[in-house]
Amino acid sequence: MAHELPKAYDPTAIEDHWAAYWVRERLFEQPTPAAGERLDGKSFVILLPPPNVTGRLHMGHMLNQTEMDILTRWRRMGGDRALWLPGTDHAGIATQMMVERQLAAEGASRQQLGREAFEARVWDWKRHYGGAILEQMKRLGVSVDWSREYFTMDERLSVAVREAFVRLYHQGLIYRGAYIVNWCPRCQTAISDLEVTHEEQKGHLWEVRYPVLDLAGKDTGESITVATTRPETMLGDTAVAVHPDDERYKHLHGKKVRLPLMNREIPVITDEWVSRDFGTGAVKVTPAHDPNDFALGERHHLPKINVMDETAHINSEGGAYAGLDRYVARKKIVHDLEAQGLLAAVKDYTNNVGHCDRCKTVVEPRLSTQWFVKIQPLADRAIEAVEKGYIRFTPENYKKIYLNWMANIYDWCISRQLWWGHRIPAWHCAVCGKITVPGLGTTGDPKECAHCGSGEITQETDVLDTWFSSGLLPVSVFGWPKIDETNRADFDAFYPTTLLVTGFDILFFWVARMIMLGCWFAPDIKMPDGSDRPLAESVPFREVYIHALVRDANREKMSKTKGNVLDPIEIVSKYGTDAVRFTLASMASPGTDIAFNVARTEGYRAFANKIWNAARFIFRNVDKAAEAGVIVDRSALGGMPTVADDAPLEDRWIIDAIQGVSARVNDSLKEYRFDEAASYIYQFFWGSFCDTYIEIAKVRLDFSNEPTKYQIKAALSVLISVLEASLRLLSPFMPFITEEIWQQLFEGSPPERSIAHARYPIIEIGRIGAAIGEKDSLIRQMDRLLTLKTELLSLRKELGVEEKMSTPIVLGCPPKLQESIERSRSWFFRLAKVSEIEYDQSAGTNHPELKWRFGSDFVVAVVYNKPNDVAADRERLMKEIAKLEKQLVSGERDLANPNFVSSAPAHVVDGRKKLVAETRVLLEKARAALAALPPE
RNA sequence: GGGCGGUUAGCUCAGCUGGUCAGAGCGCCUGCCUUACAAGCAGGAGGUCGCAGGUUCGAGCCCUGCACUGCCCA
């Protein structure tokens, strides 16, 4: 059967086909191990960071997924039990907002709909639009196990969420209380510290006079000036605080002041926390609207007056300002203060203002009753797991960042005032007011109050922070909390997972929470042998690889407002998935952001085209050979290519090269050096295989003459085995094109259903060690030939020899090189465009009319009767001599230095000696050549 | 304010525990439609490794200071 490949590579023609094939054939499913099946420990388990159901694929996803896919495919081909588990996150706020917008367009609201109908509506939305991002992922060819796809609100995951809450509650690690939280007036919910982004903003610092009162409550005429950036909060002031040692205010200790506008008497208190240097050294205290003031209020038992409602409008506690938006109120208050002569000063001030991560609204610190996780006990284990090395970070510096954050962690506010999410499993009693949380391991909802027995209980309306459920994923996807003898196979086989690949932006949101929750709950599950699970086996993953941010070509962060967002799907349809994947891989060096440049992608599309055409060339010759009765054996393909010891130099050279590149690629991938691995393959395939080996092989594939079948067959079997191994090597990076060519290579009967099930080229250590000395000299001979070829072509260019013309050369070189040349005569003559060689040991010193080139062990000239450009030659030689002299001087200085000779390692000294000797020879030759030039 | 990175060719970036490390791709120049590929082939030019000190026989690599720049946390 003849192969048919179009001349130019067209990714769109093949990618959809294979993407669908992989899913349809269920090639990447990793079944639950059968009971009693031996777990050999060679497993690779990785969890996809679940994208939001509302999400669309962006470049960050694509980088993340490309890296995970490369690793998963690589380990799968390496023989591991590989499982990559996909799913989506219900994304509380984001999804709720999406559906609310939809409702708004219809002139409705969730309040009109009511909670249940609204939830049904969101589910509906999810069923219709929620899978979009997963469909996009399929287009990228990700090798995930679709049979295990989850959604964080799935029944079984919801069970886990409820159980986690219940356990933590009964362990005394969940409490409810009124604290200052970050309140988003737009989303109308509390958000965690992590969901607040701080931005510098120019604003004002208002200084306000609070009149000091005497014991009778009358103005003394004196006043105390406080500074504030949020004057509207003064409506809720319940004290003024000064530093106890501040001499300016000592006489006011214990006195009272009149709160302007509200005409409330509030005390002057003293507290060490007050900074004497900030503003006037006196601060207003608003316990219900500032976390520091809240702490102050607790210490001094101050009343906490909340003056704002959920939408950040002043409430009834705000007197005359009730009903005003916070910023309207601010203006009016400033105006009124000024009118009353109580505004002492207005200063420009830049401060950090918190914004809602989701909607960018300015966050209002606000007193509110919320649910919290007492985090320290969980954090302690999470710290231990990392400090003891049970979880390793790459790059390593994230370990420090993680530990630093963990050491300064605050209790986690887990309640959200949303309707979409896991509703908190706690019931309030209308009679006694106490809270009932179901017992451990129970399933049904409680029917009566656990404290007074009343049946008048209603479930908490708040839902849990989305990260509470995603933080449980590593345990919950494998069946926790229902792990018993009958269903523990998944957990035994796949927990802990091997690796987590993610961006640093969710290091705290997600990675840290998974570590805390995993280390907290997994120890409840016994090890397969029945022993207690140690912390080292409780971690949710053993390694974390943190990748960089994808920026645009100008290193700008991609953002919708800037309009510089690159849509991966758009680029993929233009250049092909393989090219985009390769771009990301080749730029993914740890620690640095990726400036995504399509110029680079163009280059890798060209690379794909190169691979395509190399295959075309080889296939065409295989077909031609078949016509001539030469059948190339394909049965031995699939391993590491080898070659007989008496094979031609170039065969041994290319085989050695692919063995070497395999070893390097494997090493690089072990260290997540996608960039290195990609570059090795690229250099090898394009440089060594296509530009050198195939060009050489063409000489042997000459069907026009009386065919030497043995020669053609030998050449073809090297070509095809190197191609086939290269495809496997490249497959994790470029799964589509490699699959297509690989399938064609086997002409419809491949040894596996997919190249993804073939074995990755890995060289066994023992074999590479054999005959290494001989191999070394072999490679050196080949390198010499190639260097000589380049020198000759360069010389020809300088002389202006026509491209098509071959010329005689004169060459002086050692016998060994001469022997290699003679043995490789057929291709060497063709590639170096040589018609005949005159070997001459005195080359370079005679024939002054020739233009000589010299290497460390050869002197060569192209015989071509064109007058030399003496001036240009002289310039080139002088430049070269200068360079060599510099090199020689520095080398000789080292060798003359007794310290160098005694303290540097032997191989360095030897290397330096060799270099100096070589430089001397070259210098001598260059000087001779210069002297031989005719005078100007 | 605290912490962590970065500064290497025109551009984007590699460069391991100091010693054949001054590299790659793109771009640029010159010549080629050579038995796959012009998305190609061949040959070439281009850098005092941010600045100033120091350690060392030896410094893009280690130390100190400075400059510029990015990020995280308060």
Side-chain angles (χ1 to χ4, degrees), chain A residues 5 7-10 193-194 197-198 352 354 395 397-398 400-401 404-405 408 504-505 507-508 548-549 551 553-557 575-576 579 583 586-589 591-621 624 667-668 671 673 675-676 678-680 682-683 686-687 690-691 694-695 697-699 701-704 719 789-798 800-804 830-833 887 890-891 893-905 907-912 914-915 918:
Chain A
L5 292 183
K7 180 173 170 179
Y9 168 61
D10 177 14
D193 292 338
L194 279 175
T197 54
H198 294 270
N352 262 321
N397 58 325
Y398 283 104
K400 220 163 113 187
I401 295 173
N404 189 43
W405 186 76
N408 298 297
F504 63 83
D505 49 333
L507 181 61
F508 305 136
L549 215 66
R551 298 168 173 277
N554 303 316
R555 308 202 61 73
E556 301 272 343
K557 227 179 200 165
Y575 299 98
T583 308
S586 71
M587 301 194 76
S589 66
T592 26
D593 285 347
I594 293 177
F596 192 91
N597 196 334
V598 289
R600 194 105 178 214
T601 311
E602 275 170 31
Y604 293 124
R605 179 182 57 181
F607 181 48
N609 189 53
K610 190 80 187 172
I611 299 162
W612 188 260
N613 277 290
R616 269 183 76 214
F617 172 80
I618 293 167
F619 291 169
R620 172 189 290 187
N621 281 284
K624 268 198 210 167
D667 284 348
S668 297
E671 294 162 29
R673 290 304 304 263
D675 58 324
E676 273 183 13
S679 149
Y680 286 137
Y682 182 95
Q683 301 295 340
W686 201 318
C690 292
D691 289 346
I694 291 184
E695 289 309 316
K698 278 178 181 172
V699 179
L701 294 174
D702 186 357
F703 292 87
S704 62
L719 279 170
K789 183 208 79 170
T790 301
E791 287 293 347
L792 284 167
L793 293 178
S794 168
L795 250 178
R796 288 167 53 92
K797 183 99 169 174
E798 254 175 56
V801 183
E802 297 106 273
E803 283 284 325
K804 286 189 173 161
R830 177 162 135 160
L831 265 56
K833 299 184 177 177
Q887 199 171 311
S890 110
R893 192 185 44 225
D894 279 347
L895 290 177
N897 182 344
N899 283 327
F900 171 75
V901 179
S902 59
S903 38
H907 74 272
V908 173
V909 177
D910 283 351
R912 200 62 46 95
K914 223 176 263 175
L915 181 71
E918 211 167 83

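Keep in mind that what you see is a predicted model, and the values were worked out from it rather than measured. Every chain is numbered from 1, with letters handed out A, B, ... down the list of sequences.
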>> Between Tyr604(A) and Tyr682(A) (judged by ring centroids, cut-off 6.0 Å), do the two rings come close enough to count as a pair?
In response: yes
>> Heavy-atom nearest nucleotide on RNA chain B for Asp691(A) versus Ala615(A): which residue maps closer to 5'?
In response: Ala615(A)
>> If you assign each of Arg605(A) and Phe508(A) to its closest nucleotide in RNA chain B, which residue comes earlier from the 5' end?
In response: Arg605(A)
> Looking at CZ of Arg796(A) and CD of Glu802(A), how far apart are the two atoms once the value is rounded to the nearest 0.5 Å?
Replying inline: 8.5 Å
>> Measuring to OP1 and OP2 of C41(B), would you say a side-chain N or O of Trp686(A) lies under 4.0 angstrom away?
In response: yes
> Between the base of U34(B) and the side chain of Arg830(A), is there any donor-acceptor pair under 3.5 Å?
Replying inline: no
>> Using only modelled atom types and a 3.5 angstrom limit, is any donor from either the side chain of Glu695(A) or the base of A36(B) paired with an acceptor on the other?
In response: yes
> Salt-bridged, Arg912(A) to Asp910(A), with N to O below 4.0 Å?
Replying inline: no
Atom pairs, N/O to N/O, protein against nucleotides 44-47 of chain B, distance under 3.5 Å?
none

>> Counting only side-chain nitrogens and oxygens, does Lys610(A) get under 4.0 Å of the OP1 or OP2 atom of C41(B)?
In response: yes
> Is the glycosidic torsion of G60(B) within 90° of 0, making it syn, or is it anti?
Replying inline: syn
> To the nearest 0.5 Å, what is the distance between OH (Tyr680(A)) and CG (Asp675(A))?
Replying inline: 9.5 Å
> To the nearest 0.5 Å, what is the distance between NZ (Lys789(A)) and NZ (Lys833(A))?
Replying inline: 10.0 Å
> Any side-chain N or O of Arg673(A) under 4.0 Å from OP1/OP2 of G15(B)?
Replying inline: yes
>> Is Lys7(A) close enough to A38(B) that one of its side-chain N or O atoms is under 4.0 Å from OP1 or OP2 there?
In response: yes
>> I'd like to check the salt bridge (Lys or Arg N to Asp or Glu O under 4.0 Å) partners of Asp667(A); sequence neighbours left out, ordered by chain and number.
In response: Lys670(A)
> Using Watson-Crick and G-U wobble pairs with both distances under 3.5 Å, what is the 5'-to-3' dot-bracket string of RNA chain B, with [ ] for crossing pairs and | for pairs outside the strand?
Replying inline: (((((((..((((.....[...)))).(((((.......))))).....(((((..]....)))))))))))).
> C16(B) and G23(B): how far apart are their C1' atoms, nearest whole angstrom?
Replying inline: 15 Å
> Would Glu695(A) and Lys698(A) pass as an ion pair if we require N to O under 4.0 Å?
Replying inline: yes
>> What is the distance, to the nearest angstrom, from the CG atom on Asn404(A) to the C1' atom on C73(B)?
In response: 8 Å
